[in-house]
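What follows is one structure encoded as C-alpha cells, with my remarks underneath.
Quantities reported herein were computed from a predicted structural model and do not represent experimental measurements.
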Amino acid sequence: YDAQAVGIDHNSSENVIENNDLRFGGDGIFIRANEGPIAPETVVPPRNGSHRNVLRNNDCSFSPNNAIEVDLVDDTVIEGNNCSYSHYGMWLGYSRRCLVRGNVCLGDTAHAIEIENGQDDRLDNNIFGWQEPALTTQTSQTALVLRQNGRDRTPSGPYQVVNNVFLGVTTGARLRDTPATFVNNTLFPAGQEPGVLAATEGTGNARQFNSVVRQGLSTMPPQPDGPEVRSVSALRPDGLTTLKGTHLRVGAFTPVVTINGIPVPVRQAFDSFITFVMPPDFWNRPVEPRIRLRVFNGRGWTDIQTQSMQWPANQSRLDTITPDDYAAPKTLAVTGANLRGGRLLLEGKPLVMVSEQAERLVARLPASWNAQSHGNLVWTRGNGPDSLQTWPIALPNWVPAAKK
C-alpha cells in the first residue's frame, strides 16, 4: 500500500481496529485530523478531529514509513500492537491524552516513538529499542523522542512514561522543551557502557522514580526470575502456537516472542504459557528449514529454541534463492516445493526459464540486473481466483552474494 493499510480521517471517531495483519503498509495505521491553519507562533487549533479510536493487537510491522501514525487527535488507545522493523514505530504528532500500552517497537530505523507537541500522553509497559543481537551495532540509537518542535506555541508534555523497557540503546529517551515523569522503567544499555534513561534539552525536565539501568544483556548473569521455555506446540503457518515454561511473564509486561529475530503477535501470556500467532509467511525472505524462537519477559531472554515448521504438503514455497556469478548470462537458482508449472516474476515481469523441476527452478535474470539491484521475486501459477502465488521475496536482501 502506498499510503496506509488503514486510514481514519476527518471526524471519524470511536472506531475499533483490532487483530489485523497490516504488515508492509506504507503506514500500517494512519489517523489524523484536518486541523489548521498551522500558523507560525500560534497554538494549533483543534478542527475535524478523529478522536477516541482504539488500535489493539494489530501487526503493523515492516512499514517503510510509520507502523502507526496518529496526528492531532485526542484519547486514542494504542495497545498490544507490533510496530517493529519500520522507519518509525509510531509517530504521534500533536496527540493528546493518548494511551500507548503493551506495544512492541523493536528494530525501527529512526526511533521507536517520536512525538512533537503532544500533551498528556501516557506510555505504559511497552518495549522500545533493539534486540540483543543488534546491541553492538546500534549503540547511538535513541528509542523515544518527545519534543517541542519550535515552529508554533503548542506546548509539549507533560508525559507519563511508566514500566517500559528500553532495550539495547545508549539513551532511552530524549526530551526537548518537554516535561515528563519516568516511573519504574528499565534500560538495558548497549554494550558495556552505562546508559542514560532520559536526556533533556532546553527547558524540558525528566523526573525519574525507581527506574533501573541494568547491565547489558550480553553480559548479564542468570537472573532468578529468568524465563525458560520447556515445550513448544507444532508450528504451522497462520496458526496459533503455545509454548510452556516458567517465568514467561513478569507483572503487567507482555512478553515478546521472536521468530528468527522478528516479533510475532502474542495473544495470551501467563507465567507458565504463552499463545502467539505464527504468520502465514516468512515476511519478505525465503523459508528456513528450522526457526529460532526466543522469549523476552522484560528482564531477560530465554535460550534459543530451535523448531521445525510444519508446512502443508501441497503448499508452494521458495526455500533458497542463489544467484549465478553476476556476469552474463546471469541466472537465478530457486529451490522449494511444488514449483512445477508456474512462473517466476521479478517486479511483476516473468523471467525466462532455463530449467524446471518440482523442487528446483533456474531462470535468467534481466540484462540490467546487478548485485545492487532490488526487486520482489514471486512464483505464481494459474490465473483468476484459483491461482497460486508465493509471498514476495525481497532481492537481493535475502539472497547470498554470488560466488567470485
Side-chain angles (χ1 to χ4, degrees), residues 77-84 89-90 92 95 97-106 108 111-115 118-132 135 141-146 156-175 178-190 193-200 204-217 219-227 246-257 263 266 269-271 274 295-302:
V77 175
I78 306 172
E79 182 175 29
N81 302 282
N82 183 9
C83 298
S84 303
M90 298 182 199
L92 309 179
S95 58
R97 299 186 305 278
C98 292
L99 174 61
V100 181
R101 179 172 59 197
N103 302 279
V104 179
C105 302
L106 293 176
D108 298 305
H111 304 293
I113 297 182
E114 183 159 346
I115 311 176
Q119 298 157 42
D120 299 304
D121 292 335
R122 180 182 177 93
L123 285 66
D124 192 343
N125 277 290
N126 305 280
I127 181 168
F128 306 132
W130 295 85
Q131 296 179 75
E132 184 177 358
L135 291 182
Q141 185 78 3
T142 299
L144 174 63
V145 176
L146 308 172
S156 176
Y159 293 91
Q160 298 291 319
V161 184
V162 182
N163 296 325
N164 301 281
V165 172
F166 296 86
L167 186 63
V169 293
T170 302
T171 302
R174 189 171 300 278
L175 285 64
T178 300
T181 301
F182 287 72
V183 180
N184 290 335
N185 299 279
T186 303
L187 170 70
F188 292 94
E193 299 300 320
V196 176
L197 181 65
T200 60
N205 62 84
R207 302 170 66 233
Q208 299 184 33
F209 301 94
N210 304 318
S211 295
V212 178
V213 177
R214 303 185 70 162
Q215 189 176 3
L217 282 179
T219 58
M220 280 183 62
Q223 301 296 304
D225 55 358
T246 57
H247 302 302
L248 297 176
R249 180 164 191 166
V250 179
F253 182 85
T254 301
V256 178
V257 177
V266 171
F270 300 93
D271 179 81
I274 295 172
V295 179
F296 181 73
N297 71 348
R299 300 186 182 181
W301 289 97
T302 63

Self-check item: Ile113 side, atom CD1; Asp121 side, atom CG - distance, nearest 0.5 Å
Solution: 9.5 Å
Self-check item: Sub-4.5 Å side-chain heavy-atom contact between Asn297 and Phe253
Solution: no
Exercise. Please report the shortest heavy-atom distance between Leu146 and Ala180, naming the atom on each side.
Key: CD1-CB, 4.5 Å
Quiz prompt | Smallest separation among heavy atoms of Ser84 and Asp108, with atom names | solution = C-OD1, 3.4 Å
Quiz item: Atom SG in Cys83, atom CD1 in Ile127: separation rounded to 0.5 Å?
Solution: 13.0 Å
Quiz item: If you take all heavy atoms of Asn205 and Leu175, which pair is closest and at what distance?
Solution: O-CD2, 3.9 Å
Quiz prompt | Any donor-acceptor N/O pair, Ser95 side chain to Leu92 backbone, under 3.5 Å | solution = yes
Quiz item: Between Thr302 and Val295, is there a donor-acceptor pair closer than 3.5 Å when you use the side chain of the first and the backbone of the second?
Solution: yes
Self-check item: Asn125 side chain vs Asn164 backbone, donor-acceptor pair below 3.5 Å
Solution: no
Self-check item: Pairwise distance CZ(Arg101) to CG(Asn126) - rounded to 0.5 angstrom
Solution: 10.0 Å
Exercise. Might you work through the side chain to side chain contact (heavy atoms under 4.5 Å, CB included) test for Arg249 and Thr254, ending with a clear yes or no?
Key: CA-CA 7 Å; Arg249 180 164 191 166; Thr254 301; 3.7 Å; yes
Quiz item: Which heavy atom in Ile78 sits nearest to a heavy atom in Met90, and how many Å separate them?
Solution: CG2-CE, 3.7 Å
Practice problem: For the pair Leu167 and Trp301, evaluate side chain to side chain contact (heavy atoms under 4.5 Å, CB included) and give the outcome as yes or no after the intermediate values. | Solution: CA-CA 11 Å; Leu167 186 63; Trp301 289 97; 4.1 Å; yes
Quiz prompt | Ile115 side, atom CD1; Thr178 side, atom OG1 - distance, nearest 0.5 Å | solution = 9.5 Å
Practice problem: If the plane angle is over 60° it's perpendicular, under 30° parallel, otherwise tilted; pick one for Phe296 and Phe188. | Solution: perpendicular
Quiz item: With side chains defined as the heavy atoms from C-beta onward, is the minimum distance between Asp120 and Pro158 less than 4.5 Å?
Solution: yes
Self-check item: Atom pair CZ (Phe166) and CG (Asn185), whose distance is rounded to the nearest 0.5 Å
Solution: 5.0 Å
Quiz item: Any donor-acceptor pair under 3.5 Å linking the side chain of Asn103 with the backbone of Gly80?
Solution: yes
Quiz item: Are Phe209 and Thr181 close enough, and set up right, to give a side chain to side chain contact (heavy atoms under 4.5 Å, CB included), and what steps lead you there?
Solution: CA-CA 8 Å; Phe209 301 94; Thr181 301; 3.8 Å; yes
Exercise. Can you see which heavy atom on Pro255 is nearest to which on Ile274, and at what distance?
Key: CG-CD1, 3.6 Å
Quiz prompt | Distance-minimising heavy-atom pair for His247 and Val250 | solution = O-CG2, 4.5 Å
Quiz item: Going from CG on Asn210 to OG1 on Thr186, what distance comes out if it is rounded to the nearest 0.5 angstrom?
Solution: 10.5 Å
